[in-house]
Number of protein chains: 2
Amino acid sequence: MTGPEIDFSNLKLPEPGQLEAYFALTEAVSLLQHHVEQQLRAEGGISAIQFQLLMALNGPVPLTMTQLADGVVYSRSGLTYQAALLEKAGLVTRGPSPDDERATLVAITDKGRETVGKVLPGHIELTRRLLYEAVSADDLDRLRDIMSRVRDHIRNEPPRSAAPRRRRTPPAGA
Amino acid sequence: MTGPEIDFSNLKLPEPGQLEAYFALTEAVSLLQHHVEQQLRAEGGISAIQFQLLMALNGPVPLTMTQLADGVVYSRSGLTYQAALLEKAGLVTRGPSPDDERATLVAITDKGRETVGKVLPGHIELTRRLLYEAVSADDLDRLRDIMSRVRDHIRNEPPRSAAPRRRRTPPAGA
DNA sequence: TATTGTTATACTCTATAACTATA
DNA sequence: TATAGTTATAGAGTATAACAATA
């Protein structure tokens, strides 16, 4: 579907199969996320990101904001925003850390665990129906290997210019 | 990392490998999309969605709004919003269709094609660096097959209750 | 009556920069 | 000086419902 009007002769184009893989990948995940959003919103009144945060907090120990941000693509202010929402909803509490006076400790509440418990079965059911059902066990193994490698590869990618910072801070310059 | 506090004994949990596949998949794509957003914004001043729309319009024939919406997860008002932005930026034009007086024909402009031409090489380079570089040709074939199947599977999923509508209309009922 | 598309409106999310406070 | 986190603010995106016009 690329128009004939542009000259790409200098560009080493990817194989059609490569492009297809890329498009299928992004569209499938986009569709999946869309369904997941709706399920979480309908059954627990939370967004996918809030669900991720609650899952991260669902262990026995509270986390600092920085620990919580790990693996989440946000700006720090974005995390503060979400944490404030979760706190207002009574799903987490925030308090000072005894170890480091700068840090904020975020802890999940009983109501937060309740919400996770309320939402998780449907979430698992949904992913089973949308994802697992469509692929064989063998494919799923392969998919896990491939995408884990891609994930790690991208994580190690330097931010285009400067030295890689500790976490995922906004790239600023672009 | 699941807390011991919740009783999931009634829930048939997915294998750990399945969960890993799901998490790796969503996180890798999320990281990929984040990089893509920045590249498109930096080099062409457009969002990923606007890029998708321009690519869809990059062929020889204009498309109606409905045709353009195909494969895009939006509400119709969301597409109207994006089309208005693209028009204001001079990248597309909108006009009435001679065939169907209700329809709006959207056509890409020279400036729009220019923008695609300006942005596409970097886009391809980026996906090569982030995605193709991390996987073998064989893996990429497999990935394409798997994700195409998943995409089609999800597309055919009925919206949870009512009969499947023509396109992706907001689910209303939840 | 169904379909195409727009508008109005409200809400959610994200990002930037400036700021406070502690290490 | 660097790190942890918040706040203010502005902008982008999304969804809903009501609407007008054509099929």
Side-chain angles (χ1 to χ4, degrees), chain A residues 30 33-34 37-38 40-42 45-53 62-70 72-89 92 94-106 159 163 165-174, chain B residues 30 33-34 37-38 40-42 45-53 62-70 72-89 92 94-106 159 163 165-174:
Chain A
S30 167
Q33 284 171 337
H34 201 247
E37 275 289 346
Q38 292 186 248
L40 294 174
R41 190 69 71 183
I46 56 176
S47 68
I49 293 122
Q50 289 163 358
F51 175 64
Q52 279 179 248
L53 295 175
L63 299 178
T64 66
M65 293 293 282
T66 299
Q67 290 167 337
L68 196 49
D70 234 351
V72 184
V73 192
Y74 287 21
S75 55
R76 289 178 306 160
S77 69
L79 181 56
T80 297
Y81 171 74
Q82 291 296 342
L85 288 185
L86 289 173
E87 190 179 40
K88 188 157 49 178
V92 308
R94 282 187 293 178
S97 163
D99 301 344
D100 185 335
E101 293 277 326
R102 295 171 303 180
T104 297
L105 277 185
V106 186
R165 290 289 272 282
R166 271 226 310 110
R167 223 167 305 281
R168 209 162 299 111
T169 327
Chain B
S30 167
Q33 284 171 336
H34 201 247
E37 275 289 346
Q38 291 186 249
L40 294 173
R41 189 70 71 182
I46 56 176
S47 67
I49 293 123
Q50 289 163 359
F51 176 65
Q52 279 179 248
L53 295 175
L63 299 178
T64 66
M65 293 292 282
T66 299
Q67 289 167 337
L68 194 51
D70 233 349
V72 183
V73 192
Y74 287 21
S75 54
R76 290 178 306 162
S77 68
L79 181 56
T80 297
Y81 171 75
Q82 291 296 341
L85 287 185
L86 289 173
E87 190 179 41
K88 188 156 50 179
V92 308
R94 282 187 293 179
S97 164
D99 300 344
D100 184 336
E101 292 278 326
R102 294 171 304 181
T104 296
L105 277 185
V106 186
R165 288 290 271 283
R166 271 226 311 110
R167 223 166 306 282
R168 208 162 298 112
T169 328

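Lettering follows sequence order; numbering is per chain, from 1. All values below come from the heavy atoms of this structure, side chains included, with hydrogens, waters and symmetry mates left out.
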- Please determine, for the side chain of A:Thr64, which listed nucleotide (C:dA15, D:dG5, C:dG5) has the closest atom? D:dG5
- Under 4.5 Å between any side-chain heavy atoms of A:Leu63 and A:Leu105, yes or no? no
- Item | Distance, rounded to the nearest Å, where B:His34 contributes NE2 and C:dT14 contributes P | 9 Å
- Are side-chain heavy atoms of B:Arg94 and B:Thr80 found at a separation under 4.5 Å? yes
- From A:Met65 CE over to A:Asp70 CG, what is the distance, rounded to the nearest 0.5 angstrom? 13.0 Å
- Message: Ignoring hydrogens, what is the shortest heavy-atom contact between B:Val92 and B:Ala83? Give both atom names and the distance.
- Response: CG2-O, 4.0 Å
- Message: Nearest whole Å is fine: how far is C:dT4 C1' from B:Asp70 CG?
- Response: 14 Å
- Decide yes or no for B:Leu53 and B:Ile49: does some side-chain heavy atom of the first lie under 4.5 Å from some side-chain heavy atom of the second? yes
- Task: Determine the minimum heavy-atom distance between B:Gly45 and B:Gln50, stating which atoms define it.
- Result: O-OE1, 4.4 Å
- Item | Spacing between A:Leu68 atom CG and D:dT6 atom C1', to the nearest angstrom | 15 Å
- Nearest whole angstrom, please: distance from the P of C:dT6 to the CG of B:Leu105. 11 Å
- Query: Rounding to a whole Å, what distance do you find between B:Leu79:CG and D:dT14:P?
  - Reply: 11 Å
Polar atom pairs (N or O), protein with nucleotides 21-23 of chain C, under 3.5 Å:
{"from": "C:dA23", "atom 1": "OP1", "to": "A:Glu101", "atom 2": "N", "distance (Å)": "3.1"}
{"from": "C:dA23", "atom 1": "O4'", "to": "A:Arg102", "atom 2": "NH1", "distance (Å)": "3.3"}

- Query: Do A:Leu85 and A:Gln82 come within less than 4.5 Å of each other through their side chains, counting heavy atoms only?
  - Reply: yes
Scan nucleotides 7-13 of chain D against the protein and return all N/O pairs shorter than 3.5 Å with their distances rounded to 0.1 Å.
{"from": "D:dG13", "atom 1": "OP1", "to": "B:Arg41", "atom 2": "NH2", "distance (Å)": "3.4"}

- Item | Where A:Ala48 and A:Glu37 come nearest, the two heavy atoms and their spacing | CB-OE2, 3.3 Å
